[in-house]
Amino acid sequence: MTLAVLIVAAGKGTRAGGGLAKQWRPLAGRRVIDWTIEAFQRAGCGTIMVVRDPDNEHAIEALAPYPELLLADGGPSRSESVRNGLIALQEIGVERVLIHDAARPCVCPQVIQQVLDALDDTPAAAPGLAVTDALWTGADGHVTGTQDRSALFAAQTPQGFHFDAILAAHMRHDGTAADDVEVARQAGLAVRITPGDVNNIKITRPEDFSRAEHILRSTMDNIPDIRLGNGYDVHRFGPGDHVMLCGVQVPHERGLQGHSDADVGMHAVTDALYGAMAEGDIGHHFPPSDPQWKGAASDIFLRHAVELARSKGFTINNVDCTLVCEYPKVGPHAEAMRARMAEIMGMDMGRLSIKATTSERLGFTGRKEGIAALATATLVRA
């Protein structure tokens, strides 16, 4: 299903104070709108439209770093702004749409996904929190009565809809509405309530900024630091009767040339680890101009990269290495290579892949002039 997110950001936001609409104001080192956009990007929502005031210089400045966004002009009311956005989205063939308030920057992926899942068998869904506090009615600063809360929910966004249904509802709607659920219900659409989140607050008053910042910073503290690194290495053939590949001596009619033992696979994995940490490459840590490394076993380099990663608090999540050559055949030795590399790196073999391919007799590997290796490593720091 083609999904679009429509973020409503055309309001004045005056109740939040600050002399600037709340969606453009700073929050935890960024702007409110930045956090809101990122929340949907993290949830994997690729098509995002922002409805904004095209004459607002703050809107122009805040949205400039997002060339991938679709933009629509807002109207004098929220309902009209949403309608404008929906009309603009018709051109890209949307089947489902999430409509979200820009001033809810703390929405989490789970809330978003639960709304999307509900749309599999209902035309409309929205997150809500059951009201748990006692409710009063009041006048002149005094309690005048109580209100039954048993069937009351606090509404949140994003509110999700089958696109054609909510577009038709908005086109028929006349006047204002509290939200898009009200528009949908007036059109006869059944709206399912999905679980809300107490942290999915809408910034409305000045004090809401400090609360939102606390939520965002605590969330950032819980996000693991995930690093991905790539490595690539090449060594040419020369005299010899074996090659070292991923720590295993493989018989061959020729050897590999290099300053060390020329273990092309181990070198690629080592560089992948250094790359994930932004720590340069093997040559940076073990310069080939230094004679002490001449003929050195490559596990020295790999062990250094592994120990450096651990000293920085990283766990090696997985490693994938591909050897590119016509000969020697790697398959018969692949399990021994995995076992040796896992031993050196102190990791489970189930997280380490070593495989081989040919280059279909093309290029230097196809002409049997040498061996190339590519590697990818993932590091995780909680």
Side-chain angles (χ1 to χ4, degrees), residues 28-30 34-35 37-48 65-69 108-110 112-113 216-235 245-247 260 263-286 298-325 330 334 337-357 359 365 371-382:
R30 306 174 71 185
D34 296 317
W35 292 109
I37 292 169
E38 184 181 277
F40 287 94
Q41 291 176 334
R42 286 202 318 267
C45 303
T47 301
I48 300 176
Y66 300 99
E68 72 277 15
L69 294 180
C108 68
Q110 184 178 7
I112 296 170
Q113 190 58 52
L216 290 169
R217 291 201 183 278
S218 63
T219 301
M220 285 188 288
D221 291 342
N222 293 326
I223 295 176
D225 183 2
I226 301 175
R227 307 286 189 89
L228 185 69
N230 294 312
Y232 177 74
D233 197 40
V234 173
H235 285 286
L245 291 175
C246 294
S260 62
D263 190 329
V264 64
M266 199 174 288
H267 291 177
V269 171
T270 303
D271 272 351
L273 293 173
Y274 284 140
M277 294 182 283
E279 284 284 351
D281 58 14
I282 294 175
H284 173 74
H285 296 274
F286 304 93
S298 293
D299 66 283
I300 295 173
F301 313 145
L302 181 57
R303 291 181 195 277
H304 177 267
V306 170
E307 290 168 5
L308 182 60
R310 289 180 178 148
S311 72
K312 291 175 173 286
F314 287 106
T315 298
I316 303 172
N317 186 72
N318 71 290
V319 169
D320 182 25
C321 179
T322 301
L323 301 168
V324 185
C325 58
V330 171
M337 293 178 186
R338 291 178 66 216
R340 178 60 178 152
M341 293 285 281
E343 176 191 356
I344 294 170
M345 302 175 72
M347 61 187 297
D348 192 303
M349 280 181 61
R351 294 182 177 274
L352 198 153
S353 167
I354 296 174
K355 56 191 187 298
T357 186
S359 53
T365 57
I371 299 179
L374 304 94
T376 302
T378 306
L379 304 183
V380 179
R381 178 168 55 194

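All values reported here derive from a predicted model rather than from experimental measurement. Positions are given from 1 along the sequence.
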His267 and Phe301 aromatic ring geometry - parallel, tilted or perpendicular at 30°/60° bounds: tilted
Residue pair Asp320 / Thr376, side-chain donor-acceptor N/O under 3.5 Å: no
Least distance between heavy atoms, Ala372 atom then Thr365 atom: N-CG2, 4.0 Å
Other residues, nucleotides, ligands: >12 heavy atoms within 6.0 Å of Glu38 CD: yes
Heavy-atom check, side chain of Ile316 versus side chain of Arg351, under 4.5 Å: no
Geometric class of the Phe286/His304 ring pair [parallel <30°, tilted 30-60°, perpendicular >60°]: perpendicular
Minimum heavy-atom distance Ile354-Ala334, with the two atoms named: O-CB, 4.1 Å
Candidate pair Arg338 and Glu343, rule side chain to side chain contact (heavy atoms under 4.5 Å, CB included), full reasoning: CA-CA 8 Å; Arg338 291 178 66 216; Glu343 176 191 356; over 6 Å; no
Student check: side-chain heavy atoms of Val269 and Met266 closer than 4.5 Å: no
Leu374 side chain near Val324 side chain, heavy-atom distance below 4.5 Å: yes
Atom CZ of Arg303: over 12 foreign heavy atoms under 6.0 Å: yes
Beyond-backbone contact of Thr378 with Ile226, side-chain heavy atoms, under 4.5 angstrom: yes
Check against salt bridge (charged side-chain N to carboxylate O under 4.0 Å, His left out), Arg310 and Glu307: CA-CA 5 Å; Arg310 289 180 178 148; Glu307 290 168 5; over 6 Å; no
Non-hydrogen side-chain atoms of Phe314 and Val380 separated by less than 4.5 Å: no
Side-chain heavy-atom pair Arg381, Arg227 within 4.5 angstrom cut-off: yes
For Ala373 against Gly265, the heavy-atom pair lying closest together: CB-CA, 3.9 Å
side-chain contact (heavy atoms from CB on, under 4.5 Å) partner of Leu302, the single match among Leu273, Ile282, Asp263: Leu273
Side chains of Met347 and Thr315 in contact at under 4.5 Å (non-hydrogen atoms): no
Heavy-atom donor-acceptor pair, Arg30 side chain to Trp35 backbone, under 3.5 Å: no
Met341 vs Val319 side-chain heavy atoms within contact, under 4.5 Å: no
